[in-house]
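Working notes, beginning with the structure itself.
Letters A, B, ... mirror the listed sequences (proteins, then strands); counts begin at 1.
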There are 2 protein chains.
Amino acid sequence: MAVTIKDVARKAGVSISTVSRVINESKPVSPEARRKVIKAIDELGYRPNEIARSLVTKKSNVIGVIVDDIGSSYVAQIVRGIEEVGHMYNYDILLCSTYGDKEAEERFTQLLLQKQVAAIILLSEIYNEEVISYLKYASIPFVYLNKYYNVLESPTVRINNYLASKKVMDYLIKCGHKNIAYVTQEKDIELTVEKHKLQAYKDSMNELKQPQTIYKIDGHTITKGYEFGKKIEKDIRTNKITAVFCCDDEIAIGLINYCYDNDIKVPDAVSIVGYGNISIASYIRPKLTTIMEPYYDIGAVSVRKLSKILNNEKPEEETIELPVQLIVRDSVKDLDI
Amino acid sequence: MAVTIKDVARKAGVSISTVSRVINESKPVSPEARRKVIKAIDELGYRPNEIARSLVTKKSNVIGVIVDDIGSSYVAQIVRGIEEVGHMYNYDILLCSTYGDKEAEERFTQLLLQKQVAAIILLSEIYNEEVISYLKYASIPFVYLNKYYNVLESPTVRINNYLASKKVMDYLIKCGHKNIAYVTQEKDIELTVEKHKLQAYKDSMNELKQPQTIYKIDGHTITKGYEFGKKIEKDIRTNKITAVFCCDDEIAIGLINYCYDNDIKVPDAVSIVGYGNISIASYIRPKLTTIMEPYYDIGAVSVRKLSKILNNEKPEEETIELPVQLIVRDSVKDLDI
DNA sequence: ATGAAAGCGCTAACAT
DNA sequence: ATGTTAGCGCTTTCAT
């Protein structure tokens, strides 16, 4: 049987209140009593039961984290930020993965609520307004993270996608590219960040007075990017385009692999830029030039935001925007050289 | 204020016991009362407080998971297995990362114990006997996972590293390679799985009646593998070796990248084999031939093992060995063709 | 400074 | 079948 506060009290010859006071340093205790209590705790190897504790305090110092798939590398990086900074603020992490299941998001939200988590971070990849309404209704502090969709008004931490895409376009143009293609997504452009990224592309091409070449693909995987290679191959070989700006690192990497397998030299025959800076980006060859989404920081800032709310500090703006950086590597050729 | 079992009882006009009975289906309840209770639960949006529940039942259906770094891809895969199968068995996951800190392993173990987790899965990369002793002393069901070290006797799920290495060597030899090098680790060979992997290499080379070429490097990162390229470059160019068996995918990938950057064709100039099958392995070019460590399954089987223990089912063998597979891709050349 | 006692929300005897 | 009650391990009034 686990040792309880009673055992400590008995052994120390004091009341359980006194024991409670010394472990919480909540009220003054005589040095004499404190000494005895500490001794008893030591000898018995006593550790307060956090469950009992949070039942009475109604606080849990647990943050519920619902992600799409912890096996996904950017998700793991965000969770790393949540976890590491969370522990600095003394929060523990209760983790659930939904694997894109809409119902699971709501089910896990309920579950976490039942577990009395102090706050929730929901990292989603789908469009799901209900879960946000539910979260608001449950009036639990939360942060909603979604790489793709702009869902409702909700507290979130993200980057400015328009500015990020502009950065890419400016760089490509600086490198002398004129025939630049953009690879976007087929679905829900109006609802997703693609809306802003695409706008940045269009604005840039207009300024450049060049025709737009827009490809749409369905999905964010390396495999999809690879398959996409077949579609774009001709346009590359005929020099209709000299640079491809992919909405996703995965797609860019798939495309690079397709080029490698089909003897199209990157960046000599075609320049490729990604978006995200997932970890593989620097390991494939050529190394991928891309926009760095600060995943770790997104996680870190999310916890910090929640921590502030939980401590009733001054409420922040709902949306926090983090700076982005263009990571210049080897997948873009400077045509002026 | 959250709605409690009392509110439901009052609203339904029954006692709290009756409410408890219907939500737990623990004892028969008249259809009439059940109906009223369910109605009240619905109307109030009541959800039982899991904290209160586990305080009295002394069960928590939470599994504490301590990992080295959730940002590491194989770790994320194991956690994915734990998480997904865990939820099937109705367990939630409380996650902590140690980042290789020995003290953190023990601190988090204590923390999880205080949180009354039902069991612990410890995924470590260091040698730390104390934490195992502590886990045993705390008499909590646990599984100890360590990719590198063979630490003490402890319940674990792993692969047979000798057999896995043998598989690689057999394949390399089948492909006509004779001058095969093995890249192992500098540190703690006797304490780690390298002991068995190296033995398999030696046995194979002896059978082949070929001299052994063993390199030692310190670390498991892609960067280390890249740096190692400089050391081995001459031996490749002089054809002293035609194939390199790396103890780690990361090292193999680093080496492949070094070769790419220095115009050494893989696999034409040198064949390279990895170990682990991390996700990047199939995305780099050439695709890496490697041993697949079934990370997801290791996580999945670990939970299943714990679940059995927690349900007092027949105790299993302490060590579970999972099958390995050689994934043949493009980084090995068949010399006979 | 300390102890007694109430009570957090719930389950599980124990009664009826 | 249902209600009453004790108590899980703890914090926190409220007395003293």
At less than 3.5 Å, do the side-chain atoms of B/Ser17 and the base atoms of D/dT4 form a donor-acceptor pair?
yes
Run the salt-bridge test on A/Arg10 and A/Asp7 with the 4.0 Å N-O cut-off and return the result as yes or no.
yes
Interatomic distance where CG belongs to B/Leu55 and C1' belongs to D/dC8 [whole Å]:
4 Å
Which is true for A/Ser20 with a 4.0 Å heavy-atom rule: it touches a base, it touches only sugar-phosphate, or it touches nothing?
base
Once you round it to whole Å, what is the distance between C1' of D/dC10 and CZ of A/Arg47?
16 Å
With respect to the side chain of B/Val14, which nucleotide from D/dG3, C/dT11, D/dT11 is positioned closest?
D/dG3
Check whether any side-chain N or O of B/Ser54 sits under 4.0 Å from OP1 or OP2 of D/dC8, and answer yes or no.
no
Between A/Ile5 and B/Ser30, just flag the one whose closest nucleotide in DNA chain D comes earlier from the 5' side.
B/Ser30
Does a side-chain N or O from B/Ser15 land closer than 4.0 Å to OP1 or OP2 of D/dG3, or not?
yes
Value in whole Å for how far the C1' atom of C/dT11 lies from CG of B/Asn24:
7 Å
Is any side-chain N or O of A/Thr57 closer than 4.0 Å to OP1 or OP2 of D/dT12?
no
Is B/Tyr296 close to B/Ile78 at the side-chain level, that is, under 4.5 Å between some pair of heavy atoms?
no
Examine D/dT12: is either OP1 or OP2 under 4.0 Å from a nitrogen or oxygen in the side chain of A/Ser26? Give yes or no.
no
What is the separation between atom CD1 on A/Ile16 and atom P on D/dC8, rounded to the nearest whole Å?
11 Å
Within the pair A/Asn49 and D/dC8, is there a side-chain N or O less than 4.0 Å away from OP1 or OP2?
no
Between P of C/dA4 and NZ of A/Lys6, the distance in whole Å:
13 Å
Classify B/Ile51 by what it touches in the nucleic acid, base, sugar-phosphate, or nothing, heavy-atom distance under 4.0 Å.
nothing
Does B/Lys102 come within less than 4.0 Å of B/Glu106, counting only side-chain N to carboxylate O?
no
A quick test of your reading: do over 12 heavy atoms of other residues, nucleotides or ligands sit less than 6.0 Å from NZ of B/Lys59?
no
Selected nucleotide, minimal atom distance to B/Arg53 side chain, candidates C/dC10, D/dT2, D/dC8:
C/dC10
Let me know the distance between CD of B/Gln114 and P of D/dT11, rounded to the nearest Å.
11 Å
I'd like to know if the side chain of B/Glu105 and the backbone of B/Val131 have a donor-acceptor N/O pair within less than 3.5 Å.
no
Does A/Lys58 make a side-chain N or O approach to OP1 or OP2 of C/dG9 shorter than 4.0 Å?
yes
Does A/Lys27 have a side-chain nitrogen or oxygen under 4.0 Å from the phosphate oxygens OP1 or OP2 of D/dT11?
no
I'd like to check A/Asn150 versus A/Arg158 (side-chain heavy atoms, cut-off strictly below 4.5 Å). Are they in contact?
yes
Protein-nucleotide distance (B/Asn61, atom CG; C/dC10, atom C1'), rounded to Å:
15 Å
Distance, rounded to the nearest Å, where B/Arg21 contributes CZ and C/dC10 contributes P:
15 Å
